[in-house]
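So the structure is just underneath, and the comments pick up after that.
For this chain, numbers begin at 1 and follow the sequence in order.
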Amino acid sequence: MEINRTFINLWQPVGNGLCASAKTTPVLFGEDSSTGCFLRLNLQDLSNCSQLREMVHSGLAALVNATLVAKKGNSKVLNQTDWVHTKYVPPNITSTIEGQPGTCADVPSHLNIWINTSVVGVVGGVPQQEIQAVEVTFGVVTWQIQCGGGDPAACVNSTVVQSFPVSASVTFVAIPAQPLTPKTRFQINYTEYDCDRNDVCWPQLAFPLTRYYTGEPYSQSLAKGMILIFFFIVASVLGTPWNQIRQAWNNLF
């Protein structure tokens, strides 16, 4: 099996910003980016919309030639679990007939590259991210030769050209490694007792006595907790309730 290494690219316009002279630059992991260039078209170019759509679609699709994308930087070539398939969603073209002269609908002029990533572990205190999915979609627009402003030359002369924008973007979407735990009915209805929303958290009053507390050894925190409970009992016994009981006993005798 022959494997060709390639990159996911974006446009890198230079000089006049035309697609004909634009270069490409590889996508960098974790960096959202959006670039574009201009196509110079005339009335004749917009006379065959199907051909125009195919030309624009092919030019943008050429930026993403990869059918498989490595999940991480050191993915093994022969290990299929280290790679994800690139999902291509074709442009949503609903117009099947030619429109009025100089107008083409549903032109796939924008390429969207969606890359889903997640943290799969930590090495040396640094979170390790992997690519989980790659999806390529297209945005469609309507292109029309502009003849306003008292200059109808573009609509009658096929040698007059106008600029039409073509763009491409990449977006990295961070997804949780595990789905978030849904909130309980208690957390939804009684927000005053939700420890994530309030500074005072009564449900965690005994948190130092639980094994989730890691500020000190569990045996020490348990011993300190027992001492506090002992002082609380002594204070209760020697406090006002005990004095009232003793006074009532003395009144009887």
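Between the OH atom of Y88 and the OG1 atom of T67 there is a distance of 7.0 Å, given to the nearest 0.5 Å. Going from atom CD of E31 over to atom OG1 of T171 covers 13.0 Å, rounded to the nearest 0.5 Å. The CD atom of Q12 sits 7.0 Å away from atom NZ of K23, with the distance rounded to the nearest 0.5 Å. Interatomic distance, OG1 of T103 versus CH2 of W143, reported as 13.0 Å (0.5 Å rounding). Note that the CG atom of N112 and the OG atom of S167 stand 7.5 Å from one another [nearest 0.5 Å]. Between atom OG1 of residue T25 and atom CD1 of residue I8 there is a gap of 12.5 Å, rounded to the nearest 0.5 Å.
Enclosure of atom CH2 in W83 by more than 12 non-hydrogen atoms of other residues, nucleotides or ligands within 6.0 angstrom is indicated. Within 6.0 Å of CD on Q128 lie more than 12 heavy atoms contributed by other residues, nucleotides or ligands.
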Begin from the C-alpha positions of T24 and W11 and carry the test side-chain contact (heavy atoms from CB on, under 4.5 Å) through to its verdict.
CA-CA 5 Å; T24 59; W11 293 117; 4.3 Å; yes
Apply side-chain contact (heavy atoms from CB on, under 4.5 Å) to F164 and V107, showing your working.
CA-CA 11 Å; F164 293 86; V107 179; over 6 Å; no
H85 and L68: side-chain contact (heavy atoms from CB on, under 4.5 Å), yes or no, with the steps?
CA-CA 5 Å; H85 286 272; L68 292 173; 3.3 Å; yes
Show your reasoning for whether side-chain contact (heavy atoms from CB on, under 4.5 Å) applies to N48 and L52.
CA-CA 6 Å; N48 190 335; L52 177 63; over 6 Å; no
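Not a single donor-acceptor pair under 3.5 Å links the side chain of K72 to the backbone N or O of D82. Distance alone, capped at 3.5 Å, is enough to place a donor-acceptor pair between the Q162 side chain and the Q146 backbone. Checking side-chain atoms of D32 against main-chain N and O of F172 turns up a donor-acceptor pair under 3.5 Å.
The hydrophobic cluster containing V69 also contains L63, counting ILVMFWY residues as joined when their side-chain heavy atoms lie under 4.5 angstrom apart, directly or transitively. A chain of hydrophobic side-chain contacts below 4.5 Å, direct or via other Ile, Leu, Val, Met, Phe, Trp or Tyr residues, connects I115 to F29. Transitive grouping of hydrophobic side chains (ILVMFWY, heavy atoms separated by less than 4.5 Å) keeps F38 and I145 in distinct clusters. In terms of hydrophobic clustering, with Ile, Leu, Val, Met, Phe, Trp and Tyr side chains grouped at heavy-atom distances under 4.5 Å, V166 and V141 are assigned to a common cluster.
Residue L111 comes nearest to L60 through the heavy atom pair CD2-O, 3.5 Å, listed as atom of the first residue, atom of the second, then distance. Looking at every heavy atom in both residues, N16 comes nearest to S21 through OD1-OG, 3.0 Å. Taking each heavy atom of T117 and Q129 in turn, the nearest pair found is OG1-OE1, 4.1 Å. Between T86 and A66, the shortest heavy-atom contact is OG1-O, 3.1 Å. Between I131 and A70, the shortest heavy-atom distance links the atoms CD1-O, 3.6 Å. Pairing each heavy atom of P108 with each of R53, the nearest pair is CG-O, 3.8 Å.
A donor-acceptor contact closer than 3.5 angstrom links the side chains of E54 and S58.
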